[in-house]
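Worksheet for the structure shown next.
Ligands are counted one by one from 1 in listed order, and the atoms in each one are counted from 1 as well.
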Amino acid sequence: MTVKNQYCAVYLSGTGNTKFCVSKLAKLLDENAAVVAIEDEAALSAVKASENIILGYPVQYSNAPKMVRDFILDNKELWKDKKVLCVATMGAFSGDGAGCAARLLKRCGATILGGLHIKMPDSVCDNKLLKKSIDEEIQIICRAEEKIGLSAMRIGSGKYPCDGLGVFAHLAGLFGQRLWFYGNTRRYSDKLKIDKSLCVGCQTCVHVCPMKNLSFEAGAVLPHGRCTMCYRCISLCPKKAITLVGKEVVEQYRAEKYTDKTD
Ligand SMILES: Cc1cc2nc3c(=O)[nH]c(=O)nc-3n(C[C@H](O)[C@H](O)[C@H](O)COP(=O)(O)O)c2cc1C
Ligand code: SF4
Ligand code: SF4
């Protein structure tokens with residue numbers, strides 16, 4: 001089913017979950033939708049050119065990532081008269097994941113079309129407790145695809161989902177996590193650790209970081225305190241040399257490893 005509409009989608013995706021979900025949804029709603037990564041130079045012009053915007057991001061400690069909040073607030077004038085559907089992907093729970101960006105967007109003059117929460121595998125790969133089996137991950141992705149298909153159908157008939165937008169969702173996000181962990185997302189993180197004894201200097205991490213937070217100087221990778229905690233470098237480092245929350249990388253997660261298996 002394809003519903004004709006004028007959409008563009010902008011997303012932050014560290015390990016591919018949000019890119020996967022937002023791309024699927026956008027193409028179901030508008031086969032010509034532009035789908036652009038937030039770090040891409042084209043992101044601002046894509047938003048400018050569209051009336052209806054899908055804004056996707058991973059939930060972090062029941063909040064929107066700092067990079068996404070900055071993208072909204074640094075471009076306040078961009079959102080006036082725009083209609084936005086906020087899509088938040090998450091490993092388990094967020095309360096008001098979609099609401100976090102929706103409230104900021106409203107302050108900037110946007111109309112909120114709806115909110116969509118999609119459960120996907122957890123992207124944190126340096127915490128053993130969060131890891132699931134491959135079969136479990138694939139099942140989660142299949143259920144996510146079902147939810148996306150159903151949501152697109154409802155949106156096509158004018159009914160936008162409102163996950164994470166109500167007062168109860170706000171309270172759940174606030175008291176469930178954000179209040180206790182707000183310090184983790186208030187600023188960009190300077191907690192990224194690179195194990196020099198494991199690093200082979202391939203510079204993959206330097207090239208993939210959406211925040212340009214890493215540089216390679218005198219044979220070593222240096223973080224610069226602008227980490228938006230997306231886990232992309234941690235997931236892609238061939239030597240598992242980078243950690244953020246935990247001390248050791250367990251199983252690196254990347255959505256592409258599993259989404260191919262759900263087709
Ligand atoms: C630093 C960090 C914090 C996270 N916090 C939460 C959380 O509070 N609740 C949750 O359900 N998932 C949480 N997650 C999991 C991600 O939101 C989830 O895996 C998301 O789909 C990753 O999307 P991506 O692959 O597009 O980056 C967290 C992930 C990271 C890296
Ligand atoms: S990706 Fe890993 S091995 Fe490659 S430079 Fe970065 S830290 Fe070193
Ligand atoms: S340093 Fe790594 S985890 Fe932090 S924003 Fe860059 S790629 Fe993401």
Side-chain angles (χ1 to χ4, degrees), residues 11-23 37-39 56-68 87-98 100 117-127 130-132 137 140-141 144 164 172-174 176-182 184-185 188-217 219-246 249 252-259:
Y11 64 84
L12 169 65
S13 188
T15 60
N17 285 349
T18 313
K19 179 182 180 186
F20 172 78
C21 296
V22 161
S23 306
I38 200 167
E39 67 270 25
Y57 51 87
V59 163
Q60 295 178 345
Y61 303 103
S62 286
N63 203 352
K66 174 83 169 122
M67 187 183 186
V68 172
V87 176
T89 71
M90 60 204 66
F93 163 81
S94 84
D96 58 345
C100 289
H117 285 181
I118 307 173
K119 192 167 181 241
M120 286 291 278
D122 204 298
S123 57
V124 177
C125 47
D126 52 2
N127 183 333
L130 296 171
K131 293 287 105 193
K132 295 194 172 67
E137 307 276 48
I140 292 171
I141 295 170
L174 192 62
Q177 249 199 116
R178 203 161 48 253
L179 210 53
W180 328 113
F181 294 104
Y182 182 56
N184 294 356
T185 51
Y188 290 110
S189 174
D190 58 2
K191 305 230 165 7
L192 201 79
K193 301 168 281 291
I194 296 158
D195 186 334
K196 283 189 188 147
S197 69
L198 295 176
C199 173
V200 291
C202 70
Q203 300 187 50
T204 300
C205 54
V206 176
H207 297 305
V208 299
C209 176
M211 284 299 301
K212 298 190 178 16
N213 177 45
L214 303 168
S215 62
F216 191 68
E217 289 165 43
V221 177
L222 301 178
H224 295 286
R226 296 192 304 272
C227 174
T228 195
M229 301 193 292
C230 76
Y231 266 67
R232 193 183 294 168
C233 61
I234 305 172
S235 141
L236 287 170
C237 170
K239 294 294 168 187
K240 298 184 177 175
I242 313 176
T243 51
L244 180 61
V245 170
V249 175
Q252 286 159 311
Y253 176 74
R254 284 205 307 284
E256 316 88 85
K257 287 208 277 191
Y258 305 105
T259 46

Give the residue and atom name of whichever protein heavy atom lies nearest to [atom], and the separation in Å to one decimal.
{"atom": "atom 12 (N) of ligand 1", "answer": "Gly91 N, 3.0 Å"}
{"atom": "atom 27 (O) of ligand 1", "answer": "Gly14 N, 2.8 Å"}
{"atom": "atom 10 (C) of ligand 1", "answer": "Phe93 O, 3.3 Å"}
{"atom": "atom 25 (O) of ligand 1", "answer": "Thr15 OG1, 2.5 Å"}
{"atom": "atom 2 (C) of ligand 1", "answer": "Gln60 CG, 3.9 Å"}
{"atom": "atom 20 (C) of ligand 1", "answer": "Thr89 OG1, 3.3 Å"}
{"atom": "atom 13 (C) of ligand 1", "answer": "Val59 O, 3.4 Å"}
{"atom": "atom 5 (N) of ligand 1", "answer": "Tyr61 N, 2.9 Å"}

For ligand 1, which is the ligand I care about here, please tell me if [X] has any N or O atom under 3.5 Å from one of the ligand's N or O atoms.
{"X": "Met229", "result": "no"}
{"X": "Ser62", "result": "yes"}
{"X": "Tyr253", "result": "no"}
{"X": "Val245", "result": "no"}

Could you list the atoms of ligand 1 found under 4.0 angstrom from a heavy atom of [X]?
{"X": "Tyr231", "value": "31 (C)"}
{"X": "Thr18", "value": "23 (O), 24 (P), 26 (O)"}
{"X": "Asn17", "value": "19 (O), 20 (C), 21 (O), 22 (C), 23 (O), 24 (P), 25 (O), 26 (O)"}
{"X": "Asp122", "value": "15 (C), 19 (O)"}

Side chain to side chain, [X] and [Y], heavy atoms closer than 4.5 Å:
{"X": "Lys131", "Y": "Cys125", "answer": "yes"}
{"X": "Gln60", "Y": "Asn63", "answer": "no"}
{"X": "Ile242", "Y": "Val249", "answer": "no"}
{"X": "Pro121", "Y": "Lys132", "answer": "no"}
{"X": "Pro65", "Y": "Tyr57", "answer": "yes"}
{"X": "Leu244", "Y": "Ile234", "answer": "yes"}
{"X": "His117", "Y": "Ser94", "answer": "yes"}
{"X": "Ile118", "Y": "Val87", "answer": "yes"}

- What part of Val124, side chain from CB on, backbone N/CA/C/O, both or neither, has a heavy atom under 4.0 Å from ligand 1?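 For Val124, the contact with ligand 1 is made by the side chain alone.
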
- Query: At a non-hydrogen distance cut-off of under 4.0 Å, which region of Pro121 contacts ligand 1 (side chain, backbone, both, or neither)?
  - Reply: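 Backbone only; the side chain of Pro121 stays clear of ligand 1.
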
- Query: Between the side chains of Asn213 and Tyr188, does any donor sit under 3.5 Å from an acceptor?
  - Reply: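 On atom types as modelled, these side chains do not qualify, holding no pair under 3.5 Å.
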
- Item | Thr18 versus Thr89, side-chain donor and acceptor atoms under 3.5 Å |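 Yes, because at least one side-chain N or O of Thr89 sits under 3.5 Å from a partner of the opposite role on Thr18.
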
- Sub-4.0 Å heavy-atom approach of Ser94 to ligand 1: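 No, Ser94 has no heavy atoms under 4.0 Å from ligand 1.
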
- Could you grab the protein N, O or S atoms closer than 2.8 Å to atom 4 (Fe) of ligand 2 for me?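 The answer, once waters are left aside, is Cys202 SG.
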
- Closest heavy-atom contact between Ile141 and Met120?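 Closest approach of Ile141 to Met120: CG1-CE, 4.0 Å.
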
- Could you tell me which non-hydrogen atom of Gly56 sits nearest to which non-hydrogen atom of Val22, and how far apart they are?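 Heavy atoms only, the tightest pair is CA-CG2, 3.8 Å.
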
- Query: What is the number of protein N/O/S atoms located under 2.8 Å from atom 4 (Fe) of ligand 3?
  - Reply: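 Count of protein N, O, S atoms less than 2.8 Å from atom 4 (Fe) of ligand 3: 1.
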
- For Ile242, the ligand 2 atoms whose distance to one of its heavy atoms is below 4.0 Å: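 Close to Ile242: 7 (S).
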
- Does Tyr11 have any side-chain hydrogen bond (donor to acceptor under 3.5 Å, both in side chains) partners at least two apart in sequence or in another chain, and if so, which?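 With neighbours one apart ignored, the set is empty.
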
- Query: Could you go step by step and tell me if Lys66 and Thr185 meet the side chain to side chain contact (heavy atoms under 4.5 Å, CB included) rule?
  - Reply: CA-CA 6 Å; Lys66 174 83 169 122; Thr185 51; 6.0 Å; no

- Task: Determine, considering heavy atoms only, which of Ser235, Ser13, Cys227 sits nearest to atom 24 (P) of ligand 1.
- Result: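 Selected option, by shortest heavy-atom distance: Ser13.
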
- Salt bridge flag under 4.0 Å for residues Arg226 and Asp190: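 The answer is no: the pair does not qualify as a salt bridge.
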
- Step by step, would you call Tyr231 with Val245 a side chain to side chain contact (heavy atoms under 4.5 Å, CB included)? CA-CA 10 Å; Tyr231 266 67; Val245 170; 3.2 Å; yes

Please list, one pair per line, the donor and acceptor atoms closer than 3.5 Å that link side chains of residues 198-209 to other protein atoms, with sequence neighbours excluded.
none

- Item | With Glu39, the salt bridge (Lys or Arg N to Asp or Glu O under 4.0 Å) member among Lys19, Lys212, Arg232 |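 Only match with Glu39 under salt bridge (Lys or Arg N to Asp or Glu O under 4.0 Å): Arg232.
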
- Task: Report the C-alpha distance between Tyr61 and Trp180 in whole Å, list the side-chain angles of each, state the deciding distance to 0.1 Å, and finish with yes or no for side chain to side chain contact (heavy atoms under 4.5 Å, CB included).
- Result: CA-CA 9 Å; Tyr61 303 103; Trp180 328 113; over 6 Å; no

- Query: Where do Ser215 and His224 land on the side chain to side chain contact (heavy atoms under 4.5 Å, CB included) test, with the steps shown first?
  - Reply: CA-CA 8 Å; Ser215 62; His224 295 286; 2.6 Å; yes

